[in-house]
Asker: 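There's a structure below that I have some questions on.
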Amino acid sequence: MDVTAAKVAEVKDQTRNERIGAHSHIRGLGLDESLDPRNIGQGMVGQKEARKAAGIILNMIKEGKIAGRGILIAGQPGTGKTAIAMGMAKSLGEDVPFTMLAGSEIFSLEMSKSEALTQSLRRSIGVRIKEEAEIVEGEVVEIEIEKSANSGAKTGKITLKTTEMETVYDLGNKMIEAIQKEKIVAGDVITIDKASGRISKTGRSFARASEFDAMGPQTRFVQCPEGEIEKRKEVVHTVTLHEIDVINSRSQGFLALFSGDTGEIKQEVRDQMDQKVAEWREEGKAEIVPGVLFIDEVHMLDMECFSFLNRALESETAPIIILATNRGITNIRGTNYKGPHGMPLDLLDRLLIITTQPYTEKEIRQIIDIRCEEEDVEMNDEAKEALTTIGEQTTLRYAIQLITTSSLVAAKRKSQEVDVVDIRKVYSMFMDLKRSTEYLINHQKDYLYSEETNVTKQVEQMSLE
Ligand SMILES: Nc1ncnc2c1ncn2[C@@H]1O[C@H](COP(=O)(O)OP(=O)(O)OP(=O)(O)O)[C@@H](O)[C@H]1O
């Protein structure tokens with residue numbers, strides 16, 4: 001995700017952006033140390049078996065024990081599949097890449113399906129790069145700068161000290177400019193990166209705290225450094241393989257990472273980068289951090305994509321691939337074959353399958369409580385009970401959608417608190433899936449191209465969750 005290594009680390013993956021979205025209340029999987037799910041924890045309610053299973057997988061990921069494993073979260077719509085994946089993402093360390101993608105996105109990108117999948121896979125593998133930087137660190141004792149009368153060129157010397165030693169360094173033109181630009185004077189504690197010549201001011205030495213000459217209100221006081229003036233310091237950056245590919249691909253360049261328009265990347269660039277990373281690993285300069293690629297609505301992928309994923313799972317540097325679907329036995333996209341979850345059997349056989357179950361009345365109520373808090377909506381108990389019943393009879397998503405809408409209706413009648421009258425109003429104002437379908441069936445003749453199908457049965461099934 002981030003150039004050469006240092007600069008790239010600052011480019012945040014888009015998937016980590018936080019908004020008050022459908023899953024903003026999920027802060028983790030809500031497990032205790034022994035991986036047992038709390039009844040309610042980190043915004044997660046119920047679905048204990050699935051959360052526990054996700055926790056075990058999470059542990060394996062954290063320990064770096066598994067690469068190239070595939071997991072399928074299967075369950076009816078609105079049973080928290082995406083919520084569990086989000087919980088996993090939140091529980092992973094900051095430098096473990098997590099890429100989220102909907103199956104349909106593969107087809108809308110301006111690149112081939114296999115290129116889009118390859119990029120997503122490489123976005124999900126981190127490379128932790130360790131670098132030893134040579135630095136000079138000390139308190140400035142004296143700076144002497146002289147200007148040549150003939151050429152105007154400046155020469156100078158800087159004396160630095162630590163608690164143990166003192167050294168004089170010659171200054172070139174560039175260093176003199178940098179010192180003047182940073183307004184460095186005697187008494188400042190500074191660091192110079194030897195490779196780049198970059199100077200940074202750490203603060204002002206405590207020993208000079210009684211002098212008020214060069215101090216502004218924000219002056220930071222620091223101790224005079226100890227030990228050697230010249231030292232080696234270790235810096236660690238984590239970048240993804242995809243970022244390394246983009247930066248090193250001549251036709252793309254670093255800026256492509258910001259615009260998001262990375263186009264197709266040549267296989268030879270990837271091969272070269274894999275070789276480079278392998279060398280770094282051998283030299284102990286880098287380690288691989290396998291991350292997670294989450295593909296929601298996986299039934300939207302077609303046979304080519306499935307076979308590509310099948311092969312990708314075999315690669316040594318593959319990330320953990322988590323797939324989610326709400327489909328039963330249905331056509332595999334682009335073929336006349338049917339498969340469980342709309343997926344081919346050989347891929348399914350490689351996956352660990354986690355199933356999610358429909359929620360109980362109590363769990364729906366708890367999720368509604370959490371969402372009210374998240375959306376900053378005051379709602380009385382009677383209204384929450386009504387919303388819970390609606391959630392049971394229609395869908396959890398529909399009930400959640402009525403929270404903010406009902407608070408707007410309450411605000412209109414100048415009430416701070418949502419009451420059951422507001423719930424009743426929004427319930428009649430906005431149709432749920434079942435009522436909307438019933439209406440369509442009753443008014444079929446009035447619509448264009450209408451055909452009766454088995455849609456009523458499907459809607460019935462969804463509302464039963
Ligand atoms: N166990 C849970 N605890 C807290 N919130 C939940 C839980 N399960 C679901 N939710 C919330 O309910 C809503 C619907 O859940 P989610 O989108 O995860 O379902 P899904 O199984 O991915 O559905 P679909 O198959 O339609 O994609 C989301 O706002 C989600 O955050």
Side-chain angles (χ1 to χ4, degrees), residues 15 18-31 36-55 58 71-91 98 100-105 292 294-301 322-330 340-343 353-377 384 387-388 390-405 432-434 458-459 461-465:
T15 55
E18 283 181 45
R19 276 174 275 163
I20 294 282
H23 310 285
S24 55
H25 59 291
I26 309 282
R27 293 180 309 281
L29 286 170
L31 307 175
D36 280 326
R38 300 196 164 91
N39 276 340
I40 305 178
Q42 297 185 303
M44 271 285 191
V45 172
Q47 217 58 266
K48 289 192 175 172
E49 290 294 310
R51 278 162 61 200
K52 189 167 181 155
L58 202 66
I71 287 118
L72 175 69
I73 311 182
Q76 295 153 21
T79 48
K81 298 181 292 295
T82 317
I84 289 174
M86 294 298 289
M88 290 177 81
K90 293 272 168 78
S91 316
F98 185 95
M100 200 162 175
L101 174 87
S104 48
E105 281 175 59
V292 177
F294 174 61
I295 309 180
D296 209 352
E297 304 168 15
V298 69
H299 51 265
M300 293 302 290
L301 298 185
I322 303 181
L323 310 172
T325 176
N326 57 23
R327 296 299 150 104
I329 297 171
T330 184
H341 314 293
M343 294 169 70
I353 303 178
I354 299 177
T355 52
T356 51
Q357 306 301 327
Y359 292 113
T360 62
E361 181 191 337
K362 193 172 159 206
E363 287 163 346
I364 295 178
R365 169 66 195 259
Q366 285 164 336
I367 296 175
I368 287 170
D369 278 339
I370 293 177
R371 280 309 293 187
C372 281
E373 206 166 297
E374 183 70 17
E375 294 177 35
D376 221 358
V377 171
K384 281 183 179 168
L387 209 49
T388 306
I390 291 175
E392 268 189 289
Q393 287 173 2
T394 64
T395 62
L396 172 62
R397 275 227 184 82
Y398 175 70
I400 292 179
Q401 309 241 46
L402 295 189
I403 296 176
T404 297
T405 35
D432 63 283
L433 190 55
K434 199 165 153 192
Q458 287 179 22
V459 172
Q461 276 173 353
M462 274 185 75
S463 305
L464 283 176
E465 292 138 32

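Computed from a predicted structure; not experimentally measured. All heavy atoms count here, side chains included; hydrogens, waters and symmetry mates do not. Counting starts at 1 for both ligands and their atoms, in listed order.
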Asker: Check each heavy atom of Glu297 against ligand 1 and say whether those closer than 4.0 Å belong to the side chain, the backbone, both or neither.
Answerer: neither
Asker: Indicate yes or no for a side-chain donor-acceptor contact from Arg371 to the backbone of Asp369 under 3.5 Å, with no hydrogens or angles considered.
Answerer: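 No, because the side chain of Arg371 does not come within donor-acceptor range (under 3.5 Å) of the backbone of Asp369.
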Asker: Return the option from Arg397, Glu363, Gln42, Lys81 holding the heavy atom at the smallest distance from atom 17 (O) of ligand 1.
Answerer: Arg397
Asker: Report the part of Thr82 (side chain from C-beta onward, or backbone N, CA, C, O) that has a heavy atom under 4.0 Å from ligand 1; answer both or neither where that applies.
Answerer: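 For Thr82, the contact with ligand 1 is made by both the backbone and the side chain.
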Asker: Please write down residue, atom name and distance for the protein heavy atom closest to atom 13 (C) of ligand 1.
Answerer: Ile400 CD1, 3.8 Å
Asker: Is there a donor-acceptor contact under 3.5 Å from the side chain of Arg51 to the main chain of Ile84?
Answerer: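 Not at all, since once roles are kept as given, no pair shorter than 3.5 Å links the two residues.
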Asker: I need the minimum non-hydrogen distance between Gln42 and Gly30, along with the two atoms involved.
Answerer: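 Heavy atoms only, the tightest pair is OE1-N, 2.9 Å.
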Asker: Considering only heavy atoms of Leu396, which atoms of ligand 1 have at least one such atom less than 4.0 Å away?
Answerer: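 Reading through ligand 1 atom by atom, the close ones are 12 (O).
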Asker: Evaluate the side-chain contact (heavy atoms from CB on, under 4.5 Å) criterion for residues Met343 and Leu323: first the C-alpha distance (whole Å), next the side-chain angles of each, then the deciding distance (0.1 Å), finally the verdict.
Answerer: CA-CA 11 Å; Met343 294 169 70; Leu323 310 172; 3.8 Å; yes
Asker: Hey, does the side chain of His341 reach the backbone of Gly328 with a donor-acceptor pair shorter than 3.5 angstrom?
Answerer: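 No, the answer is negative, given that no donor and acceptor are paired below the 3.5 Å cut-off.
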Asker: Quick check against the 3.5 Å criterion: does Lys81 have a side-chain atom that pairs as donor or acceptor with the backbone of Gln76?
Answerer: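 Present.
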Asker: Could you tell me which atoms of ligand 1, counted from 1 in the order shown, lie closer than 4.0 angstrom to a heavy atom of Gly43?
Answerer: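 Those of ligand 1 that fall under 4.0 Å from Gly43 are 3 (N), 4 (C).
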Asker: Near Ala22, which atoms of ligand 1 are under 4.0 Å from a heavy atom of that residue?
Answerer: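 Going through ligand 1 atom by atom, the ones under 4.0 Å from Ala22 are 28 (C), 29 (O), 31 (O).
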Asker: Under a 4.0 angstrom heavy-atom cut-off, which atoms of ligand 1 come close to Asn326?
Answerer: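 Counting from 1, the qualifying ligand atoms are 24 (P), 25 (O), 26 (O).
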Asker: Do Gly80 and ligand 1 have an N or O pair less than 3.5 Å apart?
Answerer: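 In this structure, Gly80 places an N or O atom under 3.5 Å from an N or O of ligand 1.
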Asker: Starting from atom 8 (N) of ligand 1, locate the nearest protein heavy atom and write down its residue, its atom name and how far away it is, to 0.1 Å.
Answerer: Tyr359 OH, 2.6 Å
Asker: Hey, is the main chain of Ile368 close enough, under 3.5 Å, to the side chain of Lys384 for a donor-acceptor pair?
Answerer: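 Not a single qualifying donor-acceptor pair exists.
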Asker: Give the atom numbers and elements of ligand 1 that come within less than 4.0 Å of a heavy atom of Val45.
Answerer: 1 (N), 2 (C), 3 (N), 4 (C)
Asker: At less than 4.0 angstrom from any non-hydrogen atom of His23, what atoms of ligand 1 do you find?
Answerer: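 Listed by number with element, the hits are 16 (P), 17 (O), 18 (O), 28 (C), 30 (C), 31 (O).
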Asker: So if I apply the side chain to side chain contact (heavy atoms under 4.5 Å, CB included) rule between Ile364 and each of Thr388, Ile400, Ile390, which one comes out positive?
Answerer: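 Per the side chain to side chain contact (heavy atoms under 4.5 Å, CB included) rule, the option paired with Ile364 is Thr388, out of Thr388, Ile400, Ile390.
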Asker: Just do the side chain to side chain donor-acceptor pair (under 3.5 Å) check on Thr356 and Gln47 with the steps written out, would you?
Answerer: CA-CA 6 Å; Thr356 51; Gln47 217 58 266; 4.9 Å; no
Asker: Suppose we measure from atom 5 (N) of ligand 1 to each protein heavy atom; which comes out shortest, and what is that distance?
Answerer: His25 NE2, 2.9 Å
Asker: Would you please determine whether Arg371 falls within less than 4.0 Å of ligand 1 on a heavy-atom basis?
Answerer: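 So Arg371 does not count as touching ligand 1.
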Asker: Does only the side chain of Ile370 get under 4.0 Å from ligand 1, or the backbone, or both, or neither? Count heavy atoms.
Answerer: neither
Asker: Can you give me the closest heavy-atom contact between Leu31 and Gly55, atom names plus distance?
Answerer: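 Scanning both residues, the minimum pair turns out to be CD1-CA, 3.4 Å.
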Asker: Tell me whether Gly46 reaches ligand 1 (any heavy atom closer than 4.0 angstrom to a ligand atom).
Answerer: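 Gly46: no contact with ligand 1 (<4.0 Å).
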Asker: Would Gly78 count as a contact residue for ligand 1, given that I'm defining contact as a non-hydrogen atom of the residue lying under 4.0 Å from a ligand atom?
Answerer: yes
Asker: Could you go through Met86 and Met100, starting from their C-alpha distance and side-chain angles, then the distance that decides it, and tell me whether this counts as side-chain contact (heavy atoms from CB on, under 4.5 Å)?
Answerer: CA-CA 9 Å; Met86 294 298 289; Met100 200 162 175; 3.8 Å; yes
Asker: Under 3.5 Å, N or O to N or O, is Ala83 touching ligand 1 that way?
Answerer: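 The answer is yes, given that Ala83 and ligand 1 share an N or O pair closer than 3.5 Å.
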Asker: Any atoms of ligand 1 less than 4.0 Å from a non-hydrogen atom of Met44? List them with their elements.
Answerer: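 The list of qualifying atoms is 1 (N), 2 (C), 3 (N).
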Asker: Do Lys362 and Val45 make a side-chain contact, defined as non-hydrogen atoms from C-beta onward lying under 4.5 Å apart?
Answerer: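 Not in contact.
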